[in-house]
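What follows is a set of notes on a single structure, which appears directly below.
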Amino acid sequence: MALPRAAFVHFSSCAFLLVSLFAHSLASNEAFPPSSNTDRRRALFARERLPIILGLIFGSVFVALTVLMAVCFMRLRRKKPGNGKDAGDEEKETTKNGKTVGSEESVVVVVVPAKSGSEVKRMSWAEVRRITDGFASAVGEGGFSTVYRARLGGSGLGAAKVIRSSERLNREFRQELDVLLQVRHDNIVKLLGYCDETEEGVLLFELAANGNLHERLHGKKEGEVLTWQQRKSIAVGVARAIEHLHDGCDSPVVHCDIKSSNVLLDERLAPKLCDFGSARVGFSSTVLRPTASPVMGSPGYVDPYYLRTGLASKKTDIYSFGVLLLEIVTGIEPFCSETERLLTRVVADVVRDPARAPEIVDPQLTGRFDPEEARAVVSVAASCLRDQPALRPSMAEVAALLADKATAAFSVAGKLCGPSVKGEGMER
């Protein structure tokens with residue numbers, strides 16, 4: 001940076017010298033009055049040109065300063081992030097299995113303070129390979145990521161989510177990382193570490209011993225049917241997680257992709273909300289979806305109001321949670337790809353009349369549930385599914401209703417729904 005700074009000082013000195021000489025010339029003219037009309041006209045003309053000359057000089061200084069700042073910025077952009085080296089000084093990389101990775105000697109592990117005082121490790125790609133045994137054991141796969149089992153200190157286990165490389169996915173990785181570094185809640189998946197050393201982003205989480213809610217609701221394995229009490233507990237936990245995102249963070253967070261496969265279950269079947277790649281942070285009302293952007297959410301869970309207008313808000317999450325409640329009660333997937341059937345359409349008549357809720361309870365429970373509680377949960381779901389977002393309850397109200405006793409919850413939820421909810425949001 002020495003050369004641009006020296007050039008700027010030299011240019012400033014020249015500009016100052018020009019201004020000084022011109023001012024001195026004017027002062028000389030004032031000190032010795034002109035001897036003729038011609039001299040007077042010349043002096044007057046010189047004074048009239050002063051603003052123009054000064055404007056040219058200072059304009060030139062401004063342009064030069066802008067150019068120098070741009071040069072400085074470009075030099076800084078060429079620095080290698082995290083270690084202050086220029087791009088030309090980067091350490092040699094090795095290629096293995098068709099993938100370019102940093103060398104073993106370039107391991108950089110720093111501690112990043114998270115909101116609750118816990119520590120999140122920034123890991124190198126080499127360290128990620130080590131704790132996953134070279135990505136030997138895949139435990140899950142999504143559309144744009146693969147999850148591998150990871151060995152933590154001692155006998156602990158974790159899950160390393162490797163997000164595939166692309167410009168859009170890199171933005172989603174950064175978005176999810178930024179959210180999880182700030183959010184801490186018992187019902188939100190805990191971030192243990194991350195790696196942003198290569199084009200592929202890695203997020204290290206606590207391991208969910210019982211998979212996700214979608215697998216438990218729709219799996220075919222015998223003896224793994226969730227009981228009614230377990231379903232209620234999961235619903236309350238997810239509601240509290242969303243309430244924390246909406247109202248308990250410094251900046252409101254809208255998840256934008258609430259669904260059963262994004263609810264992990266730990267060894268006690270406690271729910272852990274995950275996947276914040278579509279989340280929106282820092283607003284509480286609406287955001288306009290650009291035409292070229294992909295639609296947020298998943299089939300069957302997406303708020304019809306968002307689909308019509310492109311406007312997402314906290315109430316977008318509340319609609320999706322209403323669909324999730326119906327899925328928990330009925331055991332039916334929100335969207336059938338073969339028949340394009342929507343769960344909200346299948347149970348529309350019952351949602352209009354929550355007193356009939358026992359008719360749609362998952363038959364795998366073989367009648368082992370509380371009918372009043374079923375009515376209460378369906379009443380809450382109906383209030384979440386209102387067509388107009390402004391008429392839906394807040395997530396704080398939803399969480400309070402679900403955590404309340406069944407009779408009281410049914411009564412209050414009935415008031416929230418009201419007659420106007422009948423037929424809204426169902427025929428889609």
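What you see is a predicted model; the values in this text were computed from it and never measured. Residue numbers count from 1 along this sequence.
With a 4.5 Å cut-off on side-chain heavy atoms, L213 and I234 count as touching. Contact of the I332 side chain with the R341 side chain is registered, since non-hydrogen atoms from C-beta on lie closer than 4.5 Å. Residues V202 and K161 form no side-chain contact, since every pair of their non-hydrogen atoms from C-beta on lies 4.5 Å or further apart. By the 4.5 Å heavy-atom criterion applied to side chains, S145 and F173 are not counted as neighbours. For the pair I131 and Y148, the minimum side-chain heavy-atom distance is 4.5 Å or more. Using a 4.5 Å cut-off on side-chain heavy atoms (C-beta onward), Y305 and L311 make contact. Residues P334 and E327 form a side-chain contact, since some pair of their non-hydrogen atoms from C-beta on lies under 4.5 Å apart. Taking 4.5 Å as the limit, some side-chain heavy atom of R149 sits within range of a side-chain heavy atom of L207.
Between R164 and E141, at least one side-chain N (NZ, or NE/NH1/NH2) sits under 4.0 Å from a carboxylate O, which counts as a salt bridge. Salt-bridge check for E243 with R240: failed, with every basic side-chain N at 4.0 Å or more from each acidic carboxylate O. Here D247 pairs with K314 in a salt bridge; the nearest charged N to carboxylate O distance falls below 4.0 Å. Classification of D196 and R122 as a salt-bridged pair holds, one side-chain N sitting under 4.0 Å from a carboxylate O. Here E127 pairs with K121 in a salt bridge; the nearest charged N to carboxylate O distance falls below 4.0 Å. Looking at R308 and D387, a side-chain N of the basic residue comes within less than 4.0 Å of a carboxylate O on the acidic one, giving a salt bridge. Between K272 and D186 there is no salt bridge, since no side-chain N of the basic residue sits under 4.0 Å from a carboxylate O of the acidic one. Contact check on D303 versus R392 returns a salt bridge, with a Lys/Arg side-chain nitrogen under 4.0 Å from an Asp/Glu carboxylate oxygen. Comment: D349 engages R352 in a salt bridge, judged by a side-chain N to carboxylate O separation of less than 4.0 angstrom.
Of the possible donor and acceptor atoms, one in the side chain of R375 sits under 3.5 Å from a partner among the backbone N and O of A355. Not a single donor-acceptor pair under 3.5 Å links the side chain of E267 to the backbone N or O of A209. At least one donor-acceptor pair closer than 3.5 Å links the side chain of E215 to the backbone N or O of N212. Between the R184 side chain and the L180 main chain, a donor and an acceptor come within less than 3.5 Å of each other. Judged by distance alone, with hydrogens and angles left aside, the side-chain atoms of R231 form a donor-acceptor pair with the main-chain N or O of I328 at under 3.5 Å. Checking side-chain atoms of Q230 against main-chain N and O of T227 turns up a donor-acceptor pair under 3.5 Å.
Atom SG of C256 sits about 11.5 Å away from atom CG of D275, to the nearest 0.5 Å. The OH atom of Y301 lies 9.0 Å from the CG atom of N262; values are rounded to the nearest 0.5 Å. With rounding to the nearest 0.5 angstrom, the OG atom of S394 is 7.0 Å from the NZ atom of K315. Interatomic distance, K190 NZ to D266 CG, rounded to the nearest 0.5 Å: 12.5 Å. Here the straight-line distance linking atom CD1 of I360 with atom OG1 of T330 works out to 6.0 Å at 0.5 Å rounding. A distance of 8.0 Å separates CG of L217 from CG of L324, quoted to the nearest 0.5 Å.
Contacts classified as side chain to side chain donor-acceptor pair (under 3.5 Å) and involving residues 131-140 (residues at least two apart or in different chains) are given here: D133-R151.
Under the 3.5 Å distance criterion, with hydrogens and angles disregarded, a donor-acceptor pair is assigned to the side chains of S298 and D257. For E333 and H214, the side-chain atoms include at least one donor-acceptor pair closer than 3.5 Å. Remark: the S124 side chain and the E197 side chain contain no N/O donor-acceptor pair separated by less than 3.5 Å. Defined by atom type and a distance below 3.5 Å, a donor-acceptor pair is missing between the side-chain atoms of S313 and Y306.
Annotation for Q229: atom CD counts as buried by contact number, over 12 foreign heavy atoms lying within 6.0 Å.
Shortest non-hydrogen contact noted between C249 and V253 is SG-CG2, 4.4 Å. Closest non-hydrogen pair, A235 versus L402, comes out as O-CD1, 4.1 Å. Counting all heavy atoms, side chain and backbone alike, I188 lies closest to A241 at CG1-CB, 3.8 Å.
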Apply ring pair (Phe, Tyr, Trp, His ring centres under 6.0 Å) to residues Y194 and W125 and explain how you reach the verdict.
CA-CA 10 Å; Y194 69 96; W125 183 264; over 10 Å; no

Check the pair F321, M395 against side-chain contact (heavy atoms from CB on, under 4.5 Å), reporting the backbone distance first and the verdict last.
CA-CA 9 Å; F321 181 75; M395 191 51 67; 4.0 Å; yes

